[in-house]
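By convention in this document, chain letters (A, B, ...) are assigned in the order of the sequence lines, proteins followed by strands, and residues within each chain are numbered from 1.
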Protein chains: 2
Amino acid sequence: MELNTLSEFKSSKELREKLADIGFAKTFDEGETILNENAYIKAIPIVTKGSIKVMRTDEDGREILLYYIKPGESCIMSFLGGIHQDTSKVKAIAEEDTEILFIPIDKVGLLIKDYPEWLDFIFRLYHKRFEELLEVVNAVAFKKMDERLLNLLQKKCELMSSNTLSVTHEQLANELGTARVVVSRLLKHMEDQGLVKLGRNKVSLI
Amino acid sequence: MELNTLSEFKSSKELREKLADIGFAKTFDEGETILNENAYIKAIPIVTKGSIKVMRTDEDGREILLYYIKPGESCIMSFLGGIHQDTSKVKAIAEEDTEILFIPIDKVGLLIKDYPEWLDFIFRLYHKRFEELLEVVNAVAFKKMDERLLNLLQKKCELMSSNTLSVTHEQLANELGTARVVVSRLLKHMEDQGLVKLGRNKVSLI
DNA sequence: GAGTTACAGTGACTTTTGTTACAGATGGTT
DNA sequence: AACCATCTGTAACAAAAGTCACTGTAACTC
């Protein structure tokens with residue numbers, strides 16, 4: 001496990017080592033499901049390499065992307081879910097090959113007592129996720145698909161540090177909670193406007 | 001201040017008294033703004049009587065209802081915002097005549113140290129708000145207006161413990177993030193179906 | 001290189017929601 | 001009663017998104 005990637009805790013070598021000590025690392029391939037809806041939560045994940053996307057799923061199977069979890073961050077839903085013995089309301093999927101450090105729930109209480117910076121980490125993360133969720137509400141409620149699509153492409157490019165993405169229109173449609181034809185239509189329109197370049201399994205931002 | 005309404009803390013008379021001691025109470029009339037977007041937060045509000053609605057506002061002035069805060073609950077956004085010296089990302093309005101106990105930010109840290117149940121209260125609340133936000137995302141992304149409208153009416157009736165609401169179509173439209181005519185249209189349709197009964201400034205669920 | 005599968009492009013149509021514009025109704029005020 | 005502001009009903013239209021059906025095409029398998 002690369003301790004250095006726990007950058008949030010750079011102020012406390014002690015906590016960093018403690019986390020590495022009580023946690024166990026696990027790797028996931030791109031696209032692999034890390035957490036399913038309604039699964040019980042027994043450990044809190046901290047991403048150390050790669051990234052995770054967190055999706056909300058409708059009863060009818062429709063999905064929508066909520067946010068990405070980057071290295072040094074944790075899935076905060078699972079945190080509270082874990083503490084209150086709840087099941088997960090969201091689904092987590094590896095966006096790329098990803099390494100995760102799992103901290104068992106029963107050890108988390110102790111950490112809060114012994115390491116104030118751990119509590120601060122959790123609060124900060126909660127705050128961030130909350131604001132991201134507000135942004136999602138905003139986007140879904142008030143923005144049109146073309147704008148949301150462009151936004152998604154930009155976020156993905158930033159995450160991958162690349163202007164070219166390996167995605168199908170179907171995948172994009174899923175993350176936006178819409179249909180494949182809609183995405184194809186909009187992408188084509190964007191290509192005509194010179195905003196993107198399209199290929200099979202490929203979208204490049206210009 | 002009615003200490004009994006701090007029902008979340010019924011397990012700890014001590015904490016309840018402490019909160020009443022360091023906080024200051026304030027009342028708001030129905031419709032009064034309690035917190036504006038981008039306002040700095042200097043105290044954490046706990047609702048003791050009445051209820052608050054929390055709205056998200058778009059740059060273009062469009063709004064959408066996020067959730068209600070009922071007696072014994074706090075606006076959790078302001079909690080984190082307050083701790084991190086942030087400005088509020090949401091707007092809070094009194095849904096009815098409301099009494100609020102404000103806890104100054106600088107005292108909050110001490111409470112966490114001294115009263116474990118205070119931290120638990122905060123976590124629990126965060127969790128609840130998070131799930132409510134997820135529901136909003138779900139509704140806005142996947143539900144049609146008629147269903148969302150019916151849902152809103154039901155929530156409002158529950159809050160007011162009444163089947164008849166004093167609202168204009170305009171107000172409902174604002175909370176749903178849509179236009180008045182849309183609400184009028186849908187309400188009329190619902191009346192034809194025998195779901196509601198309409199009057200001036202009045203909607204009754206059947 | 002023939003076959004197969006997944007992916008992308010496109011047209012035609014429907015549904016839902018947003019927009020504009022205006023008429024009528026309601027309830028309070030003078 | 002006449003007036004006024006506010007609220008509600010409705011029609012007609014536009015825009016956005018969803019749905020269906022089908023074609024072409026790239027990449028992979030055998």
Taking [atom1] from [X] and [atom2] from [N], how many angstroms apart are they, rounded to a whole number?
X        : N      : atom1 : atom2 : result
A:Lys188 : C:dG11 : NZ    : C1'   : 15 Å
A:Leu186 : C:dT10 : CG    : C1'   : 14 Å
A:His189 : C:dT10 : NE2   : C1'   : 14 Å
A:Leu176 : D:dG18 : CG    : C1'   : 14 Å
B:Leu165 : D:dT8  : CG    : P     : 13 Å
A:Arg180 : D:dA21 : CZ    : P     : 14 Å

Side-chain N or O of A:Thr178 closer than 4.0 Å to phosphate OP1/OP2 of D:dG18 = yes
Earlier contact from the 5' end, DNA chain C, for B:Lys144 and B:Arg62 = B:Lys144
Salt-bridge present (A:Arg56, B:Glu135; N to O < 4.0 Å) = yes
Before accepting this row, confirm whether a basic side-chain N of the pair B:Glu132/B:Arg129 lies closer than 4.0 Å to the acidic partner's carboxylate O.
-> yes
Side chain of [X] only, please: which of [options] is the nearest?
X        : options                : answer
B:Met145 : D:dT25, D:dT19, C:dT17 : C:dT17
A:Ser184 : D:dT10, C:dA8, D:dC7   : C:dA8
B:His169 : D:dT8, C:dG18, C:dA8   : D:dT8
A:Arg185 : C:dT26, D:dT8, D:dT19  : D:dT19

Donor-acceptor pair present, A:Arg200 side chain and C:dA6 base, under 3.5 Å = yes
Ring center gap for A:Tyr126 and B:Phe130 short of 6.0 angstrom | yes
Any donor-acceptor N/O pair, B:Thr48 side chain to B:Glu99 backbone, under 3.5 Å = yes
